[in-house]
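Numbers restart at 1 for each chain; the letters A, B, ... are given by sequence-line order, proteins then strands. Basis for what follows: all heavy atoms, side chains included, without hydrogens, waters or symmetry-related copies. Not measured: the values here are computed from a predicted model.
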Amino acid sequence: MARVSLGRGGDLPLTPGDWFAQPLSLEHYRAILSGGPMARFALNSIVVTAIAVPFQVLFAAAAGHALARARFVGRGVFLALATAFLILPRQVTLVPLYLLLSRLGLLDTYPALILPHLADPFGVLFMAHYYQTMSGELEEAARTDGWSSGAIFRRIVLPLSGPGLAVVGVNGFLITWNAFLHPLVLTTSESMRTLPVGLALFAQSEHAVDWGALLAGSSLATAPVLVAFAFFQRQIVEGVLKGSSR
Amino acid sequence: MRGRRAGALGLAPWGLFFAVFGIFPLAYALALSFLAYNPLRPDLVRWVGFDNYARALTSPSFWHALRTTVLFVVGTLPVTLTLAYVVSGLLASVRRGQGFFRAAIFFPATLSMVVISLVFKSLYAEEGLLNGWLAAASLGRVHWLQDPVLALPSIMLMDVWASVGYYAILILAARKTLPDEQLEAARLEGLSRLQVERRIVLPHVRPVLLFVVLLNTIRSFQIFIEVFVLTRGGPLESTLTLVYHLYERAFYHFEMGYASALAYLLLLLVGVILIVQRRMLGGDPADAPA
């Protein structure tokens, strides 16, 4: 992938010899940077991920904490529904989400690409489990001292949540960044496509696929994942072991 | 007491989104599945009862898509499972640089399926690297994705490549919970490596293997990106899977009611698979990986 993206023109190296013989060039990357659809796709992906993931993390902490500590009617129902959603084929919500967002006039906008990600149950369940295994003594002590719930959450719970939230954040990033089916359906204009959608549709043109540009775009989609993987491999694996779904 | 009730407020932000973009669409889809619903002709919306389901169950396309999906599972699952098990064993026995190998094996699981599919599309292309190699070895070209017989196996091959690492890591984690003393004792009794694998390791990781079978089956039933990028269901519908069929019905033909019935059939199928595999294989697969 990296090799072809660094070549010239749009052809693939046919023989293993060409692999080494063809000159290296940054032409495709220069084309991306100087505007063109790929730059727009990348920008959309960045905007969506940068907005969705912090909210996912915050929601997971707040909701996970509530499910782990507070006792209220319907708690068991929430846990059961969230767990069911982890296993459920996501395609079931595809058509209704399309109709819902179209009714709200949000099709082909950033909110359409962002809002559905905020309903993701994995982070909430993961954090609920995380807080269940964490002692609540400190919180109880603070409560006895008359601290408000908000203060306890901000000044005691959140600072102790780092390792768990890292797992939620990194896995949320991977899922949001790589999302395909929903963004494909919820966008209609080329300028709103995210990288995966843009790349896949770019490859659809039946004749003369520009492999150089395509694989340069693919490298662009892969680079942030590679960086995340290099720094957070442990968190990614932990998320996978606990049932983070792609 | 007041504080405890306030604590439940933390659930509100996520709960709201979960209700609007999770639970509501799920119920909406069920309602839609009983309607004839074309968003372009809102005047023609009407209740059709179980007609959509009846239509699916008598439609050759549905059964064809189901058969393709089952073929996909049957063709990939044994290979993926065996390879993942073997790879996990190799990883466990590597003494130096285990971290590096583990990372290298697992990395594909984090990649965008679109990117993986594009790279394989370039490899499988008529002028691609695979045919280049065949030519260099003086062999003829293979039409990896254009031949109705080969297209599905070509996608299956990619799927195995893309998922082995993920499952190998799951199995490796289970291996690591096996006490070293137990392995040591078995070796002292003079069991060969193969016997240790069969009598001690395999029974120990069995719950996770069952979990992998389950997860892989469910995921295979949802295959879409691979087909969308590589073949668009062709040639001659040889790679038409359930979800691709659903997508075409909903977004090319705008048969939203019918597509919703297909979605619920998919949901039902996955549910049945969950229950059957749980019964047949025993244990609680949902608990296995933690």
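Of the atoms belonging to B:Phe120, not a single heavy atom falls under 4.5 Å from chain A. Both the backbone and the side chain of A:Val92 come within less than 4.5 Å of a heavy atom in chain B. Both the backbone and the side chain of A:Ala82 come within contact range of chain B, each with at least one heavy atom under 4.5 Å from a heavy atom of that chain. The part of B:Ile218 that comes within reach of chain A is its side chain, from C-beta onward, which places non-hydrogen atoms under 4.5 angstrom from that chain. Looking at A:Leu115, both its backbone and its side chain come within 4.5 Å of chain B, counting heavy atoms on both sides. Both the backbone and the side chain of B:Phe107 come within contact range of chain A, with heavy atoms under 4.5 Å apart. Only the side chain of A:Arg103 comes within less than 4.5 Å of a heavy atom of chain B; its backbone N, CA, C and O stay farther away. Using a 4.5 Å cut-off between heavy atoms, B:Pro13 touches chain A through backbone and side chain atoms alike.
The residue among B:Leu262, B:Leu134, B:Leu16, B:Ile23 with the most heavy atom pairs within less than 4.5 Å of chain A is B:Ile23. Each of A:Val197, A:Leu81, A:Leu67, A:Thr83 has some count of heavy-atom pairs under 4.5 Å with chain B, and the biggest count is that of A:Leu81. By number of non-hydrogen pairs under 4.5 angstrom with chain A, the leading residue of B:Leu118, B:Val270, B:Leu32, B:Leu26 is B:Leu118. Interface summary for chain B: among A:Leu94, A:Leu184, A:Thr93, A:Val237, the most heavy-atom pairs under 4.5 angstrom belong to A:Leu184.
The line from NE2 of A:His117 to CZ of B:Phe21 is 11.5 Å long, rounded to the nearest 0.5 Å. Atom OH in B:Tyr28 sits 4.5 Å away from atom CG in A:Leu99 (nearest 0.5 Å). Between atom CG of residue B:Leu246 and atom CG of residue A:Leu181 there is a gap of 8.5 Å, rounded to the nearest 0.5 Å. Interatomic distance, A:Leu226 CG to B:Thr110 OG1, rounded to the nearest 0.5 Å: 8.0 Å. The distance from atom CZ of A:Phe85 to atom CZ of B:Phe18, rounded to the nearest 0.5 Å, is 5.0 Å. Taken from CG in A:Leu214 to OG in B:Ser122, the straight-line distance is 8.5 Å, to the nearest 0.5 Å.
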>> Would A:Leu100 and B:Val20 count as a side-chain contact (heavy atoms from CB on, under 4.5 Å) here? Give the steps.
In response: CA-CA 9 Å; A:Leu100 174 67; B:Val20 176; 4.2 Å; yes

>> ring-ring contact (aromatic ring centres under 6.0 Å, His included), that's the test. Do B:Phe17 and A:Phe55 meet it? Break it down for me.
In response: CA-CA 11 Å; B:Phe17 280 97; A:Phe55 276 105; 8.0 Å; no

> Given A:Leu201 and B:Phe228, is the side-chain contact (heavy atoms from CB on, under 4.5 Å) satisfied, shown in steps?
Replying inline: CA-CA 9 Å; A:Leu201 291 176; B:Phe228 185 89; 3.6 Å; yes

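Between A:Phe229 and B:Phe106, the ring planes are parallel. Angles under 30° get that label, and only those over 60° would be called perpendicular. Taking the six-membered ring where tryptophan is involved, the planes of B:Phe251 and A:Tyr98 are perpendicular, since the angle between them exceeds 60° and thus also 30°.
Atom OH of B:Tyr252 sits in a crowded spot, with more than 12 heavy atoms from other residues, nucleotides or ligands closer than 6.0 Å. By the 6.0 Å contact criterion, CZ on B:Phe62 is enclosed, its count of non-hydrogen atoms from other residues, nucleotides or ligands being greater than 12.
Considering all non-hydrogen atoms of both residues, B:Val114 and A:Pro196 come closest at CG1-O, 3.5 Å. The heavy-atom pair separating B:Ala263 from A:Gln91 by the smallest distance is CB-O, 4.4 Å. Looking at every heavy atom in both residues, B:Gly22 comes nearest to A:Ala119 through N-CB, 4.5 Å. Annotation for A:Val95 and B:Ser260: closest pair CG1-OG, 3.8 Å, computed over non-hydrogen atoms.
Using modelled atom types, no side-chain atom of B:Trp14 and backbone atom of A:Leu58 make a donor-acceptor pair closer than 3.5 Å.
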